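Predicted, not measured: the structure shown is a model, and the values here were computed from it.
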Amino acid sequence: MSVGHPSFLCVPTCEGVGVRKPTGIERRLNKYGYIFVLPFILTYATFQLWPTIYTFLIGFSDLKGLRSDFTLIGLANFKKLIGDKYFWEAIQNTFIMWTFNFIPQLGIALLFALWFTDDSLRLRYKGLFRTIFYLPNLLSAASVAMLYRSLFGYPNGPINLFLTRMGFWATREGENGEIIKEAFNFFRSVPASRGIVSYIQWWLWTGHTLIMLMAGITSINPSIFESAMIDGANKTQRAWYITLPLLRPMMLYLLVTSMIGGMQMFEIPFLLTDMRGAPDYKIRTMMVYFYNITFQGANDYAYGAAISIGVFIITIILALIIYFFMLERGKQAHAVGGEK
């Protein structure tokens with residue numbers, strides 16, 4: 001045993017002495033720890049683990065309609081899914097609306113994060129502005145969807161009333177060739193509907209992205225910025241060559257989590273439209289398509305489970321691609337920096 005160490009502090013490196021056994025008090029504390037953790041484990045197993053396992057099981061079955069019994073049929077549902085053009089159209093719709101949401105969301109949040117964390121600007125009421133930006137994130141997506149459906153309602157929604165009074169009308173040709181002026185029917189236009197969905201997603205989540213980026217910027221060692229200032233770097237150079245590279249892990253996290261949330265986009269496109277992604281099914285996301293198949297019409301639970309598994313697999317693949325792409329870019333940047 002090492003000199004100067006009490007016997008109860010012996011570690012595995014002590015010669016001839018093993019790991020200390022827990023005392024009776026420690027064993028009792030460990031038992032209470034298991035008891036305190038048990039409710040979470042039971043809740044997780046009941047409402048998360050078992051439904052996930054059951055979904056995978058149903059995906060290989062023929063469960064449909066009001067039946068409670070099913071037969072395992074192998075990969076038939078997944079073969080059907082691969083050739084389902086509506087599923088792939090739903091994937092395309094989801095990516096389009098998520099892209100037009102995430103790019104402005106990240107750009108605007110990054111711009112305000114740089115402003116709010118710049119002490120030289122001496123902005124007042126930063127906390128108030130952060131709170132205002134974050135407030136939409138506290139609202140439920142369903143209530144926001146119904147609010148915007150009323151705002152852009154046809155023909156007497158507030159947006160239409162404002163536009164028509166300002167002299168902006170939608171025009172169409174009548175049966176006799178005359179030009180008819182009418183209010184805008186936003187939810188009959190694919191670009192307008194997609195734009196509204198993307199804007200709502202952006203409006204809801206920009207505050208969250210802003211807070212996360214500000215946290216990432218404030219965690220950067222101030223001495224790095226001080227050294228850059230001494231070397232003569234201006235604000236733009238400090239932001240481009242210091243802040244953005246060091247924010248790469250945070251932006252990777254935001255990109256992956258936003259992509260996962262985008263793949264699960266449901267309430268807003270579902271409630272803004274006819275619950276089937278109108279017009280022309282161009283607003284139907286993967287989750288809306290899953291709901292239509294599973295809980296509307298034929299109630300095809302087996303195929304709906306296959307759709308959810310397909311979404312799960314696509315999300316994992318995309319997350320891994322983004323992760324390894326960003327990791328490789330980081331290695332290349334580090335190598336270039338080392339050569340310099």
Side-chain angles (χ1 to χ4, degrees), residues 97-141 144 198-265 268 315-316 318-340:
M97 289 184 286
W98 172 72
T99 301
F100 282 102
N101 149 45
F102 181 72
I103 292 177
Q105 177 189 143
L106 181 63
I108 294 174
L110 181 60
L111 178 62
F112 278 97
L114 292 172
W115 285 350
F116 290 161
T117 55
D118 190 347
D119 293 332
S120 64
L121 295 179
R122 297 182 180 179
L123 295 176
R124 302 176 63 183
Y125 309 113
K126 293 181 182 179
L128 176 62
F129 286 121
R130 288 198 298 265
T131 303
I132 293 174
F133 269 97
Y134 192 78
L135 278 178
N137 194 246
L138 302 178
L139 304 175
S140 67
V144 172
S198 300
Y199 169 75
I200 294 174
Q201 292 289 130
W202 168 84
W203 180 69
L204 284 174
W205 290 99
T206 298
H208 173 267
T209 305
L210 171 65
I211 297 300
M212 298 300 293
L213 290 175
M214 290 183 64
I217 293 173
T218 54
S219 66
I220 299 174
N221 192 339
S223 62
I224 300 177
F225 295 104
E226 294 172 0
S227 300
M229 291 176 64
I230 293 174
D231 291 338
N234 56 35
K235 291 182 180 180
T236 303
Q237 292 172 328
R238 294 197 300 270
W240 185 258
Y241 293 106
I242 298 177
T243 305
L244 291 181
L246 294 179
L247 273 181
R248 182 178 285 110
M250 179 61 71
M251 288 194 286
L252 172 62
Y253 167 80
L254 291 172
L255 178 59
V256 173
T257 54
S258 176
M259 186 268 298
I260 293 173
M263 297 304 100
Q264 300 174 359
M265 194 186 309
I268 293 172
T315 303
I316 289 180
L318 291 175
L320 290 175
I321 290 174
I322 293 171
Y323 172 76
F324 286 113
F325 175 75
M326 296 289 287
L327 187 65
E328 188 64 26
R329 289 289 299 273
K331 289 181 179 179
Q332 292 176 0
H334 181 72
V336 172
E339 292 175 359
K340 292 181 180 180

Query raised in the report: Taking C-beta and beyond as the side chain, do Q201 and M265 meet within less than 4.5 Å on heavy atoms?
Result: yes
Report task. Not counting sequence neighbours, which residues clear side-chain hydrogen bond (donor to acceptor under 3.5 Å, both in side chains) with T315? List them please. Result -> none
**Report entry** Within residues 97-118 or reaching into it, pairs that qualify as salt bridge (charged side-chain N to carboxylate O under 4.0 Å, His left out) - sequence neighbours excluded
**Finding:** D118-K235
Query raised in the report: Looking at residues at least two apart in the chain, or sitting in another chain, which of them share a side-chain hydrogen bond (donor to acceptor under 3.5 Å, both in side chains) with Y134?
Result: N137
Report task. Using the test side-chain hydrogen bond (donor to acceptor under 3.5 Å, both in side chains), find all partners of S140 that sit at least two apart in sequence or belong to another chain. Result -> S143
Query raised in the report: Looking at residues at least two apart in the chain, or sitting in another chain, which of them share a side-chain contact (heavy atoms from CB on, under 4.5 Å) with I132?
Result: L128
Report task. For I316, check side-chain contact (heavy atoms from CB on, under 4.5 Å) against everything at least two apart and list the hits. Result -> F312, L320
Query raised in the report: side-chain hydrogen bond (donor to acceptor under 3.5 Å, both in side chains) with T236: which residues, sequence neighbours excluded?
Result: none
Report summary line: So the ring-ring contact (aromatic ring centres under 6.0 Å, His included) pairs with at least one residue in residues 244-263 (sequence neighbours excluded) are none
**Report entry** Any L123 side-chain heavy atom under 4.5 Å of F129 side chain
**Finding:** no
Atom pairs and distances, side-chain donor-acceptor, residues 237-244, under 3.5 Å, sequence neighbours left out:
residue	atom	partner	partner atom	Å
Q237	OE1	N234	N	3.0
R238	NH1	A233	O	2.9

Query raised in the report: Is the side chain of T218 donor-acceptor paired with the backbone N or O of A215 at a distance under 3.5 Å, no angle test?
Result: yes
Please set out all donor-acceptor pairs under 3.5 angstrom arising from side-chain atoms of residues 99-110, sequence neighbours excluded.
residue	atom	partner	partner atom	Å
T99	OG1	F95	O	2.7
N101	OD1	Q105	NE2	2.9
N101	OD1	W202	N	3.2
Q105	OE1	T209	OG1	2.5

**Report entry** Neighbour count >12 (heavy atoms, 6.0 Å) for atom CH2, W205
**Finding:** no
Query raised in the report: With a 4.5 Å limit on heavy-atom distance, are the side chains of V256 and Y323 in contact?
Result: no
Query raised in the report: Do T117 and L213 come close enough that some side-chain heavy atom pair is under 4.5 Å?
Result: no
